[in-house]
Number of protein chains: 2
Amino acid sequence: MDYIFSNKISSLQPSAIREILKATSVPGIIPLAAGNPAPDAFPVEEVGKIAREILENRPIDALQYGVSEGYQPLRDTIISWMKTHENIGRDFDNVIIMSGATQVMDLLTKVLCNEGDTVICEEPSFIGSLNTFRSYGCKLVGVPVEADGMDVNALEEALKSNPNTRFIYTIPNFQNPSGATMSLEKRKKVYALAKEYGVVILEDNPYGDLRVAGEGLPTIKSMDDEGIVVYAGSFSKILAPGLRVAYCIAHQQILAKMTVGKQASDVHTPCLNQMIVYEWFKQYDVEAHIKKIQKIYKKKLELMCDCIDRELGDFVEYVRPEGGLFIWCRLPDDVNMLEFVQKAIDKKVAVVPGNAFLVDDSKSTQYIRLNFSTPSDDGIINGIKALGEVAKEYRQS
Amino acid sequence: MDYIFSNKISSLQPSAIREILKATSVPGIIPLAAGNPAPDAFPVEEVGKIAREILENRPIDALQYGVSEGYQPLRDTIISWMKTHENIGRDFDNVIIMSGATQVMDLLTKVLCNEGDTVICEEPSFIGSLNTFRSYGCKLVGVPVEADGMDVNALEEALKSNPNTRFIYTIPNFQNPSGATMSLEKRKKVYALAKEYGVVILEDNPYGDLRVAGEGLPTIKSMDDEGIVVYAGSFSKILAPGLRVAYCIAHQQILAKMTVGKQASDVHTPCLNQMIVYEWFKQYDVEAHIKKIQKIYKKKLELMCDCIDRELGDFVEYVRPEGGLFIWCRLPDDVNMLEFVQKAIDKKVAVVPGNAFLVDDSKSTQYIRLNFSTPSDDGIINGIKALGEVAKEYRQS
């Protein structure tokens with residue numbers, strides 16, 4: 001049978017990153033392409049102890065159906081944590097538990113966008129989210145990311161030119177892939193523009209707690225007096241991604257629709273997983289854990305940057321990020337980026353070609369994305385050394 | 001701000017069942033409205049032991065990101081189990097792991113249907129799936145369910161009248177809510193019609209292993225020489241729903257698109273949960289466990305039917321199902337069904353009004369759905385006794 005697929009899905013390709021990730025499961029490849037948290041940042045013993053207690057003392061609660069909004073004690077915990085931790089939450093806001101933050105992108109797009117509606121995003125931006133928006137037939141309009149976050153003049157132009165814009169997607173902290181952090185001034189401006197043009201902001205903040213240098217900045221959601229910011233938070237980077245537990249804080253009218261969407265999508269996030277996160281907050285000092293993993297990431301970030309400076313210092317350009325998981329490197333103009341990536345794979349190092357993060361990924365770019373959280377320290381050292389050897393090939397020829 | 005929601009979501013109401021479920025969380029309500037598996041059917045000790053072992057021996061595998069298609073050892077296990085258990089699987093088929101079977105409905109609709117396309121379903125049918133189809137703006141066309149499954153003449157009429165039909169949705173075993181099981185002859189006819197009209201069949205089989213009487217029948221998927229049947233299987237009823245692990249077996253061309261959809265939806269099903277299911281198959285005798293829970297459900301089904309015969313025998317009509325979780329009762333013509341349901345709630349018994357399962361739920365019906373797996377045995381006895389008292393009010397007046 002010749003299958004006929006929907007318009008919205010027909011054009012969508014498998015995520016280039018995930019395809020590359022599959023290639024990197026070949027033994028011996030150094031994984032600078034992934035975005036996995038460092039395994040030594042997982043509170044392994046704590047999760048093991050908690051899971052044991054839950055399945056011994058309250059197995060039926062963990063194994064039975066739950067409600068779509070999520071496990072109430074976890075919802076209460078997040079509400080109060082986000083209030084103290086990020087000053088997020090007004091009377092009109094509420095929280096629902098999501099099966100990973102990608103589900104926030106998925107359900108918000110589903111409830112706000114008809115096919116052909118516009119989503120304005122930073123460019124470059126996280127390929128996973130871009131594909132989610134594409135999967136609903138949305139038109140993507142990219143706004144360039146500068147060293148201090150999205151170009152707000154270009155944002156205003158985009159809002160003017162696209163009256164069917166339904167939301168602005170931004171990762172203000174340690175943006176994926178650029179590593180850029182949006183300045184306070186720009187955060188205020190993005191909020192003001194969204195308000196002026198009557199569109200929602202989708203603020204995706206998976207890396208906010210992975211700051212290793214500089215001062216923290218207020219989230220856009222913390223400025224949200226009007227109920228126009230939808231905040232996507234995740235436990236993937238501070239606890240463990242394999243649990244697939246995240247959350248969405250937004251105006252309750254938006255959450256009511258997203259909850260209906262969640263009922264129709266996966267009914268609810270697994271109870272055991274939600275209870276593990278709740279007990280982790282209850283039994284342990286989460287702020288201390290965050291400080292601990294910041295040290296891990298600081299060490300790895302600095303190691304990779306030092307290696308780049310040593311091995312590739314006269315070859316690539318990059319801005320040292322203040323946190324997150326990624327370093328966004330610009331190759332020299334005379335280097336074919338895709339060829340460079342292939343040469344790296346030949347030397348058993350996986351990196352992500354930068355065009356994967358473009359609104360139109362058939363365009364070319366000189367950038368590659370490097371990740372320092374997945375590889376071991378030796379992997380970082382040897383991986384960057386191998387890239388340095390690739391660079392030498394270009395300079396010798 | 002006045003939020004503008006998408007057309008597909010605007011018309012969708014929260015699932016009536018889930019709203020009723022929330023009402024039933026009031027202490028003291030007897031839950032005949034739910035569809036929860038019986039808690040004593042959960043292999044609590046086994047899951048506890050397995051989870052402990054996984055988090056002790058392989059914590060990083062359980063807590064790190066996984067691939068969208070699912071944990072490979074579990075996929076292999078399902079392929080070989082489905083081959084022996086249901087004779088399902090051709091060379092062109094493959095399996096992907098889903099976050100509950102609702103995700104199969106969700107992703108298949110997303111990859112096959114544009115807004116306005118038709119989905120043909122049994123009527124009545126599972127409200128959760130109907131809402132999933134509605135959430136993509138599909139037009140639902142209902143085909144009446146008879147005692148031996150869907151009316152195949154009406155199905156052919158529906159296929160003729162709706163050339164934009166993308167798939168036929170059916171629950172052949174112990175259908176929710178009717179309890180009906182489709183005859184072998186009708187299974188063959190449904191398959192032949194789908195083939196003739198070039199549409200896909202979505203075969204949803206959550207209850208197939210909950211047979212307590214009669215002989216098992218082949219799944220429609222087992223007849224699938226053409227790759228037109230998409231099979232939704234679930235561990236919610238034989239293991240535990242709170243883990244949210246299910247699977248989809250279909251032609252690999254369809255699965256490739258659904259995998260792209262899954263990447264954009266929740267990236268992957270939690271690794272810990274998938275590993276628990278895999279180890280459960282590896283370490284325990286799943287067939288023996290299924291036999292054990294069949295005994296539990298047989299006892300509860302027979303208890304409820306006996307209670308109905310005693311307390312409501314001259315009031316309701318129903319066909320005793322050969323398995324599943326539900327009994328579909330017809331009230332007398334002179335009784336207002338919604339009023340009856342309200343009177344039941346007043347007596348602290350929750351049942352589901354039958355119109356919830358209609359394509360157009362504003363239509364009236366004389367049916368209510370009763371569930372025997374959620375309540376305790378005392379709950380069944382007292383719940384049906386209370387419904388008998390409601391019935392007496394009608395007969396005395």
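Given the structure is predicted, the values throughout are model-derived calculations rather than measurements. A note on names: the letters A, B, ... follow the listed sequences, proteins ahead of strands, and every chain is numbered from 1.
The side-chain heavy atoms of B:P270 and A:P270, taken from C-beta on, include a pair separated by under 4.5 Å. Residues A:M1 and B:V200 have side chains in contact (heavy-atom distance under 4.5 Å, counting atoms from C-beta outward). Side-chain contact check for B:P37 versus A:Q64: some heavy-atom pair is nearer than 4.5 Å.
Annotation: the span from B:Q263 atom CD to A:N131 atom CG amounts to 7.5 Å, rounded to 0.5 Å. Note that the CG atom of B:L112 and the OG atom of A:S6 stand 7.5 Å from one another [nearest 0.5 Å]. Note that CZ of A:R52 is 6.5 Å distant from CD of B:E56, once rounded to the nearest 0.5 Å. Rounded to the nearest 0.5 angstrom, B:E115 CD and A:E115 CD are separated by 6.0 Å.
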May I have the step-by-step check of side-chain contact (heavy atoms from CB on, under 4.5 Å) for B:D106 and A:D266, ending in yes or no?
CA-CA 8 Å; B:D106 182 59; A:D266 68 355; over 6 Å; no
Given side-chain contact (heavy atoms from CB on, under 4.5 Å), test B:V44 with A:L55 step by step and report yes or no.
CA-CA 7 Å; B:V44 165; A:L55 288 168; over 6 Å; no
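The most heavy-atom pairs under 4.5 Å with chain B, out of A:S99, A:A240, A:A101, come from A:A240. Ranked by non-hydrogen atom pairs under 4.5 Å with chain B, the options A:I254, A:I228, A:L243 are led by A:I254. When each of B:T102, B:D61, B:L63, B:T132 is checked for heavy-atom pairs under 4.5 Å with chain A, B:L63 comes out on top. For chain B, the option among A:G227, A:G100, A:S129, A:S135 with the highest count of heavy-atom pairs below 4.5 Å is A:S135. Options A:G261, A:C113, A:A246 differ in how many heavy-atom pairs under 4.5 Å they form with chain B, and the most are formed by A:C113. With chain B as partner, the option from A:I60, A:T109, A:D117 having the largest number of non-hydrogen pairs under 4.5 angstrom is A:I60.
If you measure heavy-atom distances from B:R166 to chain A, the contacts under 4.5 Å come from the side chain alone. Proximity to chain B (any heavy atom under 4.5 Å) is restricted, for A:I276, to the side chain, taken from C-beta onward. Of the two parts of A:N273, only the side chain, counted from C-beta on, holds a non-hydrogen atom closer than 4.5 Å to a non-hydrogen atom of chain B. Contact annotation for A:F42: only side-chain heavy atoms (C-beta onward) come within less than 4.5 Å of a heavy atom of chain B. Using a 4.5 Å cut-off between heavy atoms, B:E226 contacts chain A through its backbone alone, with no side-chain atom that close. Looking at B:L130, neither its backbone nor its side chain comes within 4.5 Å of chain A, counting heavy atoms on both sides.
Looking only at distances, no side-chain donor or acceptor of B:K8 sits under 3.5 Å from a matching main-chain atom of A:V111. With A:Q103 contributing its side chain and B:V267 its backbone, the two residues share no donor-acceptor pair below 3.5 Å.
Closest approach of B:I9 to A:K257, counting heavy atoms only: CG2-CD, 3.8 Å. Heavy atoms only, all atoms of each residue included: B:S236 and A:Y65 are closest at CB-OH, 3.8 Å. When every heavy atom of A:F5 is checked against every heavy atom of B:Q253, the shortest pair comes out as CZ-O, 3.7 Å.
By the 6.0 Å and 45° rule, A:K110 stacks over the aromatic ring of B:Y136.
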